[in-house]
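Okay, so here's the structure we're looking at.
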Amino acid sequence: MTPIPTTPQPLRFAIAALVFAVLFGGVAWRLHTLQMDMGEILSDMGERQRSRKWVLAAERGRLVDAKGTPLVESLSTWKVTCDPRYMEDRLGATIALADILGLPRDELRTHFESRRNGRVIARGLDDALADRIRACKFTGVRLEREFTRTYHHGGLAAHLLGYVQADGKGGAGLELQFDGVLAGTPGEELTAVDALGRPVVTGFDHQAPQAGAHLQLSLDLGVQRILDQHLAAAVDKHAPKGACGLVVRPATGEILAMASWPDYQPQTRQGLEGDALRNNVIGFSYEPGSTMKPLITGAAVAEKLARFEERIDCERGAWTYREGRAARTIHEKTGGHGLLSVAQGIALSDNIMMAKLGVRLGPERLKSWVERLSFGRRTGICLPGEETGRLPAGNRGQWSNINEGMSVPMGHALMVTPLQLAMAHAAVANGGQWNPPRLVKRIWRHDQDGKVEELPLPALPATVRMFEPEDAAAIQQAMTMTMTEGTGKRVGLDGYTSAGKTGTAEKVIDGRYASDHNVGSFVCWAPAEPGMRPELLCLVVVDDPSRNGRFGADTAAPVVQKVLQESLEHLRVPKRPEAVAEDGKPVKPGKPARQAGPSLPTAAPPRASGRPAGTLTHAGLRGQP
């Protein structure tokens, strides 16, 4: 037998001490890790094990028109869910819910026998059905409030209002632009559960949701219906690639109606693809054509380079301008004219007169006026997706008389949006004062105590004076001649004087102007009485019509006529008490108003020429403006 050593053994003692030190060190390290490094994580895990959090949906704010009529709102409904793992009476729940909800028992058994919690049994239940289910007090069956976004008027003003995506967030239009304001703040509710996950205390920690704010728009539902109806009729008649229109109150810049086609259904998002994704009023850029002419003419008059009564030789349909070795010939495709006053030139939409006025202005002043008229930049409307349009780049940033100086006054070489053009003409109608487009009149919400809280409106660009009042009045007077003697004489209003301008521009296809692809437009406002504030302005643009006409006078002008006539009557704007007939005698109220004035000359036969309209010759090169 080996004797037990009695002498001290420091090596064994050191090894034992080291082992215990390592063990205690490991325990200390683990405790530090659990308490300090993972303390918050483990605490959250414990909290989740002893309680369950439920998100309470917040009601999305309403959108109402200028009179308070609901356009869009969220209707409260209930959703029924089940947690099969926590259910105690599956058979009873199957029988009762089948009776209440009208669902097959086999379908309910499929839900209750699942191993996955949070199964949705039914949605869109009203309060009466929810109360019957709640009275059953089934464990593992839960009612949750949810809100269904409802667009009361179908696809009316779809691009303006927008839609809500499946995740509850705004997808376009005002729904997207004001998503943070409309959405509100969700609430939450905590439910205590036992070791098996079964609820034992309900609602011991409850935070109520905060409903979203409401928006009152400048939109007039009646005017919007009128615009939608007649724009849809024009689409059926002309089968265009696209179309759009808007109605503006010039004195304030308020948008009373806005429509774009192709459209879609915001409730179901049916048709939401391709071109229907774009709001053409703010996202379609095009050459404005003759609708640009009154604005540039007004610029020339404001610069004291022309007078509306001044007579200018329109060269009988062909005019060649030379600048150094370059030469450009402008042809009047619809027939030429001789001497015309500047006002007559607007009414008859003479291109040669506009080219001459552009040369008088010069490239620098012309560019300055185009920018002053708010082209080439966003108007600041509170809608997503607004385009800036496009101004000609020029030669190394410099415009010239022979290119931009002659093309821009005719409405070529630059791209504008319908909204930009409408607001520029609205400035003329408003005595020369440009107002930013306004869509939202009021934003408010109710706090937890039910008190109304007014919220600030979105910031808008400042108003700008574009023309002096007398110059704006002169432009309007010239544009009334367009409605009585010029290109708009077929679309005069019954009982209201109006000022307007048609426009037709060829589209650029494969780098060249295509005569069989056009954009037709018409802008008009009324009443257009001297010293009287116009009530409404309407612009309609029809992109690439394929049948029954292709000019603005044929496609867009009839729509504007009907929209303005019916909208003015809808708003009960008084008609003229007395109109002037061609023989100077008064006619009964309600008849088309005509203004006395000089008759316009008829077009002369076009001058023979070997070049097509708008030919530019420079060192043997040819092209179109």
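Side chains are part of it too, since the values below use all heavy atoms of this structure and drop only hydrogens, waters and symmetry mates.
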Any side-chain to backbone donor/acceptor pair from D65 onto T69? Under 3.5 Å, distance only. yes
Any F138 side-chain heavy atom under 4.5 Å of I133 side chain: no
Between OG1 of T252 and CG of N430, what distance do you get to the nearest 0.5 Å? 8.5 Å
Around atom CG of D510, are there more than 12 heavy atoms from other residues, nucleotides or ligands closer than 6.0 Å? no
Do L160 and L219 come close enough that some side-chain heavy atom pair is under 4.5 Å? yes
From N435 CG over to E254 CD, what is the distance, rounded to the nearest 0.5 angstrom? 9.5 Å
Can you tell whether the side chains of R550 and D516 come within less than 4.0 Å, N to carboxylate O? no
For the residue pair L215 and V64, establish whether any side-chain heavy-atom pair is separated by less than 4.5 Å. no
Closest non-hydrogen atom pair between D228 and A157, with its separation: OD2-N, 3.9 Å
Test item: I95 and R105 side chains (from C-beta on) under 4.5 Å apart, heavy atoms: yes
Side chains of R145 and S76: donor-acceptor distance under 3.5 Å anywhere? yes
Of the non-hydrogen atoms in A426 and P250, which two are nearest, and what is the gap between them? O-CB, 3.7 Å
What's the verdict on side chain to side chain contact (heavy atoms under 4.5 Å, CB included) for V141 and T139, showing C-alpha distance, side-chain angles and the deciding distance? CA-CA 6 Å; V141 176; T139 304; over 6 Å; no
Does the pair R438 and S218 meet the rule for a side chain to side chain donor-acceptor pair (under 3.5 Å), with working shown? CA-CA 7 Å; R438 302 177 188 273; S218 59; over 6 Å; no
Side-chain donor-acceptor pair present, R225, H153, cut-off under 3.5 Å: yes
H238 side-chain N/O to R547 backbone N/O, donor-acceptor pair under 3.5 Å: yes
Parallel, tilted or perpendicular: which one describes the rings of H214 and W444, with boundaries at 30° and 60°? tilted
Under 3.5 Å, side chain of E569 to main-chain N/O of E566, donor-acceptor pair present? no
Yes or no on side chain to side chain contact (heavy atoms under 4.5 Å, CB included) for L568 and L493, after CA distance, side-chain angles and deciding distance? CA-CA 10 Å; L568 290 167; L493 302 181; 4.1 Å; yes
What are the two closest non-hydrogen atoms of Y151 and G162, and how far apart are they? CE2-O, 3.5 Å
Cation-pi check for W78 against R134: NZ or CZ below 6.0 Å from the six-membered ring centre and within 45 degrees of the axis, yes or no? yes
Yes or no on side chain to side chain contact (heavy atoms under 4.5 Å, CB included) for F284 and D543, after CA distance, side-chain angles and deciding distance? CA-CA 9 Å; F284 174 59; D543 176 24; 3.7 Å; yes
Mark yes or no for whether Y264, through its side chain, and A158, through its backbone, hold a donor-acceptor pair below 3.5 Å. yes
Flag side-chain contact, heavy atom, 4.5 Å: H570 against V223: yes
Distance col, row L537:CG vs M423:CE, nearest 0.5 angstrom, shows 8.5 Å
Answer whether the closest heavy-atom distance between the side chains of V523 and T291 falls below 4.5 Å. yes
Do E73 and H152 have side-chain atoms, one donor and one acceptor, less than 3.5 Å apart? yes
Partner of T379 under side-chain contact (heavy atoms from CB on, under 4.5 Å), picked from P461, P437, S374, is P437
Between S521 and L539, the two heavy atoms sitting closest are CB-CD1, 4.5 Å
Can you measure from CG (L256) to CG (L221) and round to the nearest 0.5 angstrom? 11.5 Å
Using a cut-off of 6.0 Å, state whether more than 12 heavy atoms not belonging to K507 lie near its atom NZ. yes
Any side-chain to backbone donor/acceptor pair from N280 onto W261? Under 3.5 Å, distance only. yes
If you measure only the distance, is there a donor-acceptor pair under 3.5 Å linking the side chains of T388 and R378? no
In terms of heavy-atom contacts, N548 and K237 come closest through ND2-O, 2.7 Å
Is the backbone of L129 close enough, under 3.5 Å, to the side chain of D126 for a donor and an acceptor to pair up by distance? yes
Treating T81 as the side-chain partner and R119 as the backbone partner, does any N or O pair qualify as donor plus acceptor under 3.5 Å? no
Could you pull out the closest heavy-atom pair between P186 and G184, with the gap in Å? CD-O, 4.0 Å
Yes or no on side chain to side chain contact (heavy atoms under 4.5 Å, CB included) for L217 and L71, after CA distance, side-chain angles and deciding distance? CA-CA 10 Å; L217 311 181; L71 300 171; 4.0 Å; yes
Between R60 (side chain only) and E175 (backbone N and O only), is there a donor and an acceptor less than 3.5 Å apart? yes
Can you tell me how far CD of Q177 sits from CG of L383, rounded to the nearest 0.5 angstrom? 6.5 Å
Should the heavy atoms of other residues, nucleotides or ligands under 6.0 Å from CD of Q165 be counted, would the total exceed 12? yes
Tell me if a side-chain donor or acceptor on R90 pairs with a main-chain N or O of F112 at a distance below 3.5 Å. yes
With a 4.5 Å heavy-atom cut-off, do Y286 and V541 have their side chains touching? yes
For S114 and H111, indicate whether the former's side chain and the latter's backbone hold a donor-acceptor pair under 3.5 Å. no
Heavy-atom check, side chain of P288 versus side chain of V416, under 4.5 Å: yes
Pair T77, R123 - check side chain to side chain donor-acceptor pair (under 3.5 Å), show working. CA-CA 7 Å; T77 57; R123 320 183 80 123; over 6 Å; no
Between atom CG of L176 and atom CG of L161, what is the distance when rounded to the nearest 0.5 Å? 13.0 Å
